[in-house]
There are 2 protein chains.
Amino acid sequence: MADAVDLSPLTLNRLSLYLRCLGDLEERGVSRVSSHELARRYHLSAAQIRKDLAQLGEFGIRGVGYDVRHLAARLHSRLGLDRRHPVLIVGMGNLGSALARYPGFNQGCFEVVAGIDNDPQKVGRKIGAITVRSTRDLRRLARETGAEIACLAVPAEAAAENFLALCEAGIKSVLNFAPVRLEPRRGVRVKNVDLRTGLEELAYFLRE
Amino acid sequence: MADAVDLSPLTLNRLSLYLRCLGDLEERGVSRVSSHELARRYHLSAAQIRKDLAQLGEFGIRGVGYDVRHLAARLHSRLGLDRRHPVLIVGMGNLGSALARYPGFNQGCFEVVAGIDNDPQKVGRKIGAITVRSTRDLRRLARETGAEIACLAVPAEAAAENFLALCEAGIKSVLNFAPVRLEPRRGVRVKNVDLRTGLEELAYFLRE
DNA sequence: AGATGTGAATGAGTTCACAGCT
DNA sequence: AGCTGTGAACTCATTCACATCT
């Protein structure tokens with residue numbers, strides 16, 4: 001099957017998940033795995049795993065399963081994880097600071113290269129491996145670091161203006177933690193991560 | 001339309017979103033709003049808003065729109081947000097500490113009532129409004145606070161055992177931040193929030 | 001006139017079931 | 001014999017279009 005097809009976000013998120021499962025298997029020294037085995041171990045659906053993987057081409061071995069390392073490498077490159085991704089964090093409050101130190105944001109191809117805040121009190125402070133910089137340096141920072149991805153972790157009321165600044169600094173993708181719908185901008189992809197929504201979903205299912 | 005129908009998680013998340021939009025409108029002093037106006041302001045779909053809201057019963061006014069306060073109140077109660085929800089946080093590392101102080105987790109019906117960690121160094125420390133408690137106190141804490149919801153913010157390798165402990169302490173809903181699929185337990189609802197997946201999704205769309 | 005509420009049409013995503021390969 | 005890869009069936013979700021009400 002062709003390599004150019006676009007994957008849906010749903011498929012994409014599952015592929016990320018499979019990749020992590022494969023990493024786990026690799027660590028455990030497992031070298032081959034079937035869709036059923038994957039499903040059993042990680043509570044997934046075998047049919048769906050096959051459908052998802054089939055979109056990346058045929059490289060399962062019928063009667064046997066998949067080669068763990070080969071599959072992981074294929075996923076890796078298909079997901080765009082085979083090149084470095086510097087990440088900027090805007091808003092170094094509690095959440096921004098936690099993200100800067102979050103292992104998942106500083107592993108493999110991802111690296112948090114700078115934190116940005118407009119509070120002069122915070123500028124210059126070291127948080128984890130990075131130093132907090134002023135919002136005014138945003139454009140220069142983006143250019144110098146080559147960052148295309150930014151996390152927006154500012155309060156709701158500051159989200160719109162900071163998002164605009166990110167767009168103007170040439171950022172291409174934004175992971176938005178502010179509980180706000182950002183005005184769509186062409187050429188800039190936004191993924192909203194609303195932590196509160198998760199809680200509300202759980203609360204719903206607690207009604208008797 | 002009946003009140004007993006179960007809402008899908010997708011619908012549910014949008015209803016949460018609408019609720020926040022209505023809050024914003026209320027603050028701005030807007031008292032009536034149409035589905036089109038909501039869609040325009042917050043970049044949503046008018047048809048979908050109507051479909052979603054219709055599931056909660058008829059209380060729009062044809063030719064006019066919806067009463068902002070009335071609609072907000074209805075959503076509120078339908079989502080189960082009209083009673084208090086004490087929240088426990090397990091794992092007081094960077095992420096757990098940030099969540100404990102996160103405004104969205106300490107607003108309205110939600111309140112973080114305790115943080116839990118098995119590191120004796122951390123036990124007793126104050127973080128935001130709460131004090132860190134030992135994992136051994138989990139069961140008692142759950143009973144005393146009446147918490148039904150917990151956030152799991154421990155490293156991947158500690159997730160399974162802590163999840164088990166939560167289940168045994170009688171927790172009903174878990175917001176899981178660990179990049180791990182938890183073994184399903186009947187009677188316990190899990191919502192996975194994987195921050196890394198968000199980054200990976202963005203990285204995918206940066207491939208040329 | 002203008003907006004809601006809703007069946008009908010369309011589209012997306014998942015599961016089934018089995019042909020085909022190793 | 002066993003597992004992949006995939007069309008077909010099915011379920012779930014969104015969009016359309018309009019009758020219905022204020």
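Reckoned from all heavy atoms, side chains included, excluding hydrogens, waters and symmetry mates. Each chain gets a letter, A, B and so on, in the order its sequence line appears, and its residues count up from 1.
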_Please check if the number of heavy atoms outside A:Arg32 that lie under 6.0 Å from its CZ is greater than 12._
no
*So with a 6.0 Å cut-off around CZ of B:Arg139, is the heavy-atom count from everything else above 12?*
no
_With a 4.0 Å limit, can you tell me whether B:Arg14 has a side-chain N or O closer than that to the phosphate oxygens OP1/OP2 of D:dA13?_
no
*Does C:dT22 have OP1 or OP2 sitting under 4.0 Å from an N or O in the side chain of A:Tyr66?*
no
Measure the distance from [atom1] on [X] to [atom2] on [N] and round it to the nearest whole Å.
| X | N | atom1 | atom2 | result |
| --- | --- | --- | --- | --- |
| B:Leu53 | C:dT4 | CG | C1' | 10 Å |
| A:Leu7 | C:dT14 | CG | P | 13 Å |
| B:Arg74 | C:dT4 | CZ | P | 18 Å |
| B:Leu12 | D:dC12 | CG | C1' | 16 Å |
| B:His70 | C:dT4 | NE2 | C1' | 15 Å |
| B:Phe59 | D:dC21 | CZ | P | 18 Å |
| A:Gln55 | D:dT4 | CD | C1' | 15 Å |

*Which is true for B:Leu10 with a 4.0 Å heavy-atom rule: it touches a base, it touches only sugar-phosphate, or it touches nothing?*
sugar-phosphate
*Does the pair B:Ile130 and B:Ile89 meet the rule for a side-chain contact (heavy atoms from CB on, under 4.5 Å), with working shown?*
CA-CA 10 Å; B:Ile130 60 163; B:Ile89 295 187; 5.7 Å; no
Contacts under 3.5 Å, N or O only, protein and nucleotides 10-12 of chain C:
none

Taking every non-hydrogen atom, the tightest pair across [X] and [Y]:
| X | Y | value |
| --- | --- | --- |
| A:Ala150 | A:Leu166 | CB-CD2, 3.7 Å |
| B:Asn106 | B:Ala100 | ND2-O, 3.0 Å |
| A:Tyr102 | B:Leu95 | CE1-CD2, 4.1 Å |

_salt bridge (Lys or Arg N to Asp or Glu O under 4.0 Å) between B:Asp194 and A:Arg20, worked out_ = CA-CA 12 Å; B:Asp194 189 334; A:Arg20 253 197 294 279; 2.3 Å; yes
*Members of residues 34-52 of chain B that approach DNA chain C, where some heavy atom sits under 4.0 Å away*: B:Ser34, B:Ser35, B:His36, B:Arg50, B:Lys51
*Of A:Thr11 and A:Val64, whose closest DNA chain C nucleotide lies nearer the 5' terminus?*
A:Thr11
*Please say whether the positively charged group of B:Arg207, taken as NZ for Lys or CZ for Arg, lies over the ring of B:Tyr204, i.e. under 6.0 angstrom from the six-membered ring centre and within 45 degrees of the axis.*
yes
*asked:* Would you say that A:Lys191 contacts A:Arg189 through its side chain, given a criterion of any heavy-atom pair below 4.5 Å between the two side chains?
replied: no
*Report the nucleotide, chosen from D:dG5, C:dT22, C:dT14, that has the shortest atom-to-atom distance to any side-chain atom of A:Glu58.*
D:dG5
*Kindly say whether, by distance alone, the side chain of A:Arg62 makes a donor-acceptor pair under 3.5 Å with the base of C:dT22?*
no
